2 protein chains.
Amino acid sequence: MATHTHPRQNLSDLTARLRQHAQRITGPRQLILEVLRREDHPLTARQIHGQLDCDLATVYRSLRLLEEMAMVKRFDFGDGTARFELLGQNDDGHHHHLVCRECSTVVEIGECFSGNLEQRIAREHGFADVSHRLEFFGLCPDCQTT
Amino acid sequence: MATHTHPRQNLSDLTARLRQHAQRITGPRQLILEVLRREDHPLTARQIHGQLDCDLATVYRSLRLLEEMAMVKRFDFGDGTARFELLGQNDDGHHHHLVCRECSTVVEIGECFSGNLEQRIAREHGFADVSHRLEFFGLCPDCQTT
DNA sequence: TTCTATTTGCAAATCATTTGCAATAAGGGG
DNA sequence: CCCCTTATTGCAAATGATTTGCAAATAGAA
Ligand SMILES: [Mn+2]
Ligand SMILES: [Mn+2]
Ligand SMILES: [Zn+2]
Ligand SMILES: [Zn+2]
């Protein structure tokens with residue numbers, strides 16, 4: 001579920017975190033967070049760019065930085081275009097989506113399978129730091145009637 | 001797990017299925033299946049091309065056709081490069097992978113979470129034909145020592 | 001073997017994303 | 001508040017995967 005944290009929170013958080021990284025608090029960086037804060041579904045770099053007034057390359061560069069700072073999370077719906085969602089302060093943003101194969105409608109999914117499946121798989125193959133990426137696809141109510 | 005079906009099977013299967021689609025049995029199409037048959041992990045178009053003697057575009061075109069014919073399955077490890085695996089005749093190929101974030105080593109995973117999670121999600125949001133895409137990522141035994 | 005529709009090779013086009021570089025702006029020190 | 005150094009931006013060109021147009025090659029039916 002989209003965690004809608006309070007406006008001020010993200011900006012002061014941004015300020016604080018950027019200071020730690022010894023980087024600058026710029027307009028584009030703040031604006032991207034504001035755009036993301038308004039949405040409850042992940043947006044593409046292009047969609048974000050459409051609501052701003054700066055270069056697309058800057059959007060990509062900022063998103064990458066914000067991702068490294070763990071302020072935004074990148075999702076992959078398998079269509080060759082990355083999507084980004086805002087993260088709350090102590091939120092690792094782990095969740096999934098249900099995407100309509102026809103119209104691309106997105107539903108946020110909070111549930112996940114039991115953690116011991118992942119643990120078992122990790123142990124069984126001797127892997128460490130195992131995580132997963134999971135997305136659901138289907139036909140939304142509207143697109144079924146067609 | 002990679003289902004290694006018998007050589008002949010895939011070729012005669014190919015022949016039969018291509019006839020149904022009213023398409024031709026060409027060298028590249030057969031060769032791609034042979035290359036895939038030798039591997040137990042998904043290959044990129046480029047990797048397949050490296051073992052053949054035909055144009056990369058032909059590899060892409062053939063893979064797409066074979067995918068539509070349900071003879072190969074496409075996987076997405078989130079690195080912007082599609083990977084393909086051979087499918088057995090009555091196999092929908094649904095399975096997952098555990099990929100090393102460092103060296104890209106791939107482990108085939110047969111397990112999956114309980115089907116009712118997916119059913120519950122589908123029903124809860126009124127979606128039909130729901131499927132999912134799931135991949136695990138971690139550090140393989142070798143890469144942990146670094 | 002002949003004929004025609006399908007395929008292939010090759011080059012150019014797409015698309016998302018990244019990168020080089022000169023111009024511009026952020027913010028610490030004075 | 002002004003300067004100076006350094007990070008950041010805009011713009012254009014580069015990338016890398018994948019697709020596409022088109023003429024030449026070829027599979028398969030007759
Ligand atoms: Mn989400
Ligand atoms: Mn596999
Ligand atoms: Zn839909
Ligand atoms: Zn590894």
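Please read these numbers as outputs of a predicted model, since none were measured by experiment. First the proteins, then the strands, lettered A, B, ... as listed; each starts at 1.
The listed nucleotides are C:dT17, D:dG10, D:dT9; the one nearest the side chain of A:Thr26 is D:dT9. If you check C:dT17, C:dG9, C:dT7 against the side chain of B:Arg29, the one that comes closest is C:dT7. Considering only side-chain atoms of A:Tyr60, the nucleotide from D:dT8, C:dT17, C:dT8 that sits closest is C:dT17. Closest to the A:Ala82 side chain, of the nucleotides C:dT17, D:dG10, C:dT7, is C:dT17.
Screening B:Ile32, B:Leu43, B:Leu66 for a side-chain contact (heavy atoms from CB on, under 4.5 Å) with B:Val72, the sole residue that qualifies is B:Leu66.
Protein atom CZ of A:Arg24 is 10 Å distant from nucleotide atom P of D:dT9, rounded to whole Å. Across the protein-nucleic acid pair, A:Asp55 atom CG and D:dA7 atom C1' stand 17 Å apart, rounded to whole Å. As rounded to whole Å, 17 Å separates atom C1' of D:dT20 from atom CG of B:Leu63. Taking atom CG on B:Leu56 and atom P on C:dT14, their separation rounds to 19 Å, with Å as the unit.
Nucleic acid contact class of A:Ala57 (heavy atoms, under 4.0 Å, all strands): base. Within 4.0 Å (heavy atoms only), B:Arg61 reaches at least one base atom of the nucleic acid. Note on A:Arg64: only backbone sugar-phosphate atoms sit closer than 4.0 angstrom, heavy atoms only; bases stay farther off.
Distance SG/B:Cys54 to CD1/B:Ile48: 10.0 Å, rounded to 0.5 Å.
Between B:Gly27 and A:Asp53, the residue whose closest nucleotide on DNA chain D is further toward the 5' end is A:Asp53.
Remark: B:Glu67 engages B:Arg74 in a salt bridge, criterion side-chain N to carboxylate O under 4.0 Å.
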